[in-house]
Amino acid sequence: MMRSFAIASSGKRFVHRSFLMRGSAATVSPSFSICRRRAFSGKSHDYREILRNGLQDIKLDDAVGLFSVMVQSRPRPSIIEFSKLLSTIAKMKKFDVVISLGEQMQKLGISHNLYTYNILINCFCRRSQLSLALAVLGKMMKLGYEPSIVTLSSLLNGYCHLKRISEAVALVDQMVEMGYQPNTVTFTTLIHGLFLHNKASEAVALVDRMAVKGCQPNLVTYGAVVNGLCKRGDIDLALSLLKKMEKGKIEPDVVIYNTVIDGLCKYKHVDDALNLFTEIEIKGVRPNVVTYNSLISCLCNYGRWSDASRLLSDMIEKKINPDVVTFSALIDAFVKEGKLLEAEKLFDEMIQRSIAPDIVTYNSLINGFCMHHRLDEAKQMFEFMVSKDCFPDVVTYSTLIKGFCKCKRVDEGMELFREMSRKGLVGNTVTYNTLIQGLFQAGDCDMAQETFSQMDSFGVSPDLWTYNILLDGLCNNGRLEKALVVFECLQKSKLELDIFTYNIMIEGMCKAGKVEDGWGLFCSLRIKGVKPNVVTYTTMISGLCSKRLLQEADALLKKMKEDGPLPDSGTYNTLIRAHLRDGDKAASSELIREMRSCEFAGDASTIALVTNMLHDGRLDKSFLEMIS
DNA sequence: TTAGTATGAC
């Protein structure tokens with residue numbers, strides 16, 4: 001049997017060694033003595049009472065303290081009592097602590113049993129330390145313990161965590177061969193693994209196969225599938241599964257409905273989400289705060305304020321209390337609308353209601369201050385959150401860095417970046433994008449490029465935005481040649497370039513006087529299957545104008561009106577200025593009339609040009625009236 | 001006493 005498990009673990013033999021290589025006792029011990037004294041100062045058998053009364057609300061420190069009392073008690077507590085404690089700590093997701101305590105038991109000569117071995121295997125698997133889990137399995141089997149379906153399901157989870165899905169599937173097959181009956185937990189674990197590997201259709205198919213294999217899917221199974229589907233946007237499929245559940249006499253609960261409602265919200269079917277919300281209420285499923293939070297934040301994102309506030313009063317009326325997520329969503333929405341004052345009022349209100357703001361709340365507010373260039377207050381908020389033991393994360397820092405860069409204080413942005421790294425926080429793509437953009441805008445091309453290359457060495461992968469920022473920065477700082485080299489590489493890479501990239505390059509070429517190259521790239525878009533947008537046309541028109549190729553520019557406007565995007569104010573203004581400079585009053589006034597009929601007006605630089613030309617007599621007053 | 005899922009906000 002052991003051999004077959006060894007095969008399942010990609011042919012590797014078990015490594016027989018102590019299942020704990022590095023003791024993490026150090027992470028556990030500091031609270032030891034304090035806890036013991038605080039919680040267990042009474043008789044030495046007090047631990048029995050604690051175990052009897054249940055461990056559900058115990059704190060980690062106290063649980064660890066309890067352990068040290070237990071190992072010192074004589075006679076020794078039973079292994080069942082130890083397993084209850086380990087299980088409690090495992091449920092807190094403190095897997096390293098469980099492993100450490102397990103090792104201490106070993107050292108003290110307390111033998112494990114099937115249950116404690118299973119707990120340890122589970123902990124190693126949850127920490128993606130599959131080889132150590134397999135080592136425990138080997139040891140356990142050597143001692144004569146047969147793995148149970150629980151042991152095997154834990155290992156299955158280990159394979160899934162490591163995305164070793166084919167081995168996970170093979171393990172299930174092996175289990176069946178060996179006479180184990182996979183249960184809902186086994187299948188749910190595998191379904192989760194399939195989603196991790198983007199095999200949604202196989203996951204859905206597995207639900208049907210389960211029944212054939214004599215295992216009816218339950219609410220948890222459906223929950224896993226519906227969640228996986230909604231996260232990828234397969235909402236229709238998720239909805240059909242809900243129907244299937246009802247047919248199979250499994251009543252969907254509010255959590256599963258929340259998943260679908262949120263999926264509908266995220267994938268832009270807000271009204272369908274609202275309909276489903278009404279539907280479940282009719283069915284008698286009571287919505288909870290999560291249901292409302294999904295809908296409210298989604299409505300806010302769409303600017304549907306009255307709908308959002310209607311839902312907010314609805315929830316309060318139904319005595320479903322808004323929580324930190326509700327407030328954070330509202331605060332963020334106000335911040336993004338530029339209504340910082342409202343956001344601050346909500347912040348005060350949540351404090352009055354004794355709802356503790358968390359990192360998301362603070363990040364939104366900091367963003368609000370940054371957006372209004374109120375950097376001092378942003379920093380104050382930053383310090384305030386730290387004073388409340390809410391520690392800034394990479395989003396907090398990225399937000400602040402962006403704020404400083406936008407205010408042309410890129411040095412301070414860099415300093416924040418260094419501070420963040422010192423604290424062990426790793427910048428993500430957004431952080432780097434912000435910094436690189438800031439550096440380019442400050443004209444520090446070298447530092448920007450250096451920061452870009454740093455990304456790779458820190459294992460942060462650049463995205464399309466990064467490249468667009470890089471290309472734009474190089475072009476705007478007179479380094480078209482370098483930009484072209486990067487652009488060439490990009491075109492050969494797997495990355496699918498979007499119109500923004502092409503716009504940047506066309507603009508870069510035109511501004512560097514290489515209008516013909518820009519035109520070449522513009523014409524190549526059709527073959528590439530990339531649709532030019534209004535910016536592409538306007539950039540190209542502007543390029544043609546800069547070479548005084550006005551006929552060609554006019555022709556491009558015509559082409560745009562025939563089969564392109566609608567010209568906007570920028571398109572017209574660009575052409576109008578070109579014709580004015582060219583001294584062609586007739587063409588200019590014709591264009592101005594056309595622009596006005598589209599309800600656009602002259603922009604600042606057109607008005608400035610007209611005013612100048614008015615002063616030196618090249619134009620008369622009627623032009624200024626016409627344009628403004 | 002042991003295994004899976006776990007909905008919402010930056």
Side-chain angles (χ1 to χ4, degrees), chain A residues 51 55 77-88 90-91 98 112-123 125-126 133 140 145 147-158 160-161 168 182-193 195 217-228 230-231 238 252-263 265-266 287-298 300-301 322-333 335-336 357-368 392-399 430:
Chain A
L51 285 173
L55 292 164
S78 72
I79 186 69
I80 294 176
E81 285 164 318
F82 278 106
S83 73
K84 276 185 183 169
L85 182 63
L86 293 189
S87 155
T88 303
K91 288 203 175 101
V98 176
H112 288 283
N113 69 359
L114 180 64
Y115 292 118
T116 53
Y117 276 129
N118 279 346
I119 294 172
L120 290 165
I121 288 175
N122 182 36
C123 289
C125 287
R126 297 290 289 256
M140 166 186 144
Y145 290 106
S148 68
I149 187 76
V150 176
T151 325
L152 299 179
S153 294
S154 291
L155 286 172
L156 184 65
N157 194 30
C160 289
H161 266 268
N183 58 21
T184 50
V185 177
T186 325
F187 282 114
T188 307
T189 308
L190 194 54
I191 285 169
H192 183 234
F195 274 113
N218 62 11
L219 189 59
V220 180
T221 319
Y222 278 108
V225 184
V226 168
N227 184 51
C230 287
K231 288 283 163 332
D253 64 355
V254 65
V255 174
I256 212 161
Y257 279 121
N258 284 346
T259 311
V260 181
I261 286 174
D262 191 63
C265 285
K266 295 256 162 66
N288 62 15
V289 63
V290 177
T291 328
Y292 280 100
N293 286 345
S294 280
L295 289 166
I296 289 173
S297 55
C298 175
C300 284
N301 286 339
D323 64 5
V324 57
V325 177
T326 327
F327 274 98
S328 296
L330 290 170
I331 286 174
D332 192 62
V335 161
K336 290 204 172 123
D358 66 8
I359 188 147
V360 179
T361 330
Y362 289 117
N363 285 351
S364 288
L365 284 166
I366 288 174
N367 185 33
D393 64 1
V394 61
V395 179
T396 323
Y397 275 103
S398 299
T399 307
V430 178

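The analysis underlying the following values was restricted to heavy atoms, covering all of them including side chains, and did not include hydrogens, waters or symmetry mates. Lettering of chains follows the sequences in order, A, B, ..., and the numbering in each one begins at 1.
Applying the side-chain hydrogen bond (donor to acceptor under 3.5 Å, both in side chains) test to A:S398 and every residue at least two apart in sequence or in another chain returns A:T431. For A:S294, the side-chain hydrogen bond (donor to acceptor under 3.5 Å, both in side chains) test picks out A:D262, with sequence neighbours left out.
A donor N or O paired with an acceptor N or O is not found under 3.5 Å between the base of B:dA3 and the side-chain atoms of A:S154.
Straight-line distance from the CG atom of A:N122 to the P atom of B:dT1: 17 Å, rounded to whole Å. Here the C1' atom of nucleotide B:dA3 and the NZ atom of A:K91 are 11 Å apart, to the nearest Å. B:dA3 atom C1' lies 10 Å from atom CG of A:L156, rounded to whole Å. The CG atom of A:L120 sits 11 Å away from the P atom of B:dA3 (whole-angstrom rounding). The separation between A:N218 atom CG and B:dA3 atom P is 16 Å, rounded to whole Å.
Side-chain N or O atoms of A:N157 include none that pairs as donor or acceptor with a backbone N or O of A:C160 at under 3.5 Å. No donor-acceptor distance shorter than 3.5 angstrom exists from the side chain of A:N122 to the backbone of A:C125, with no hydrogens or angles considered. Remark: the backbone N or O of A:Y117 is not paired with any side-chain donor or acceptor of A:Y145 at under 3.5 angstrom.
In this structure, a donor-acceptor pair under 3.5 Å is absent between the side chains of A:T399 and A:T396.
At the phosphate of B:dT2, OP1 or OP2 sits under 4.0 Å from a side-chain N or O atom of A:S87.
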Q: Between protein and nucleotides 5-10 of chain B, map the contacts as a letter string: B base, S sugar-phosphate only, - none, heavy atoms under 4.0 Å, written 5' to 3'.
A: BSBBBB

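Contacts of A:I80 with the nucleic acid, taken as non-hydrogen atoms under 4.0 Å apart, include base atoms.
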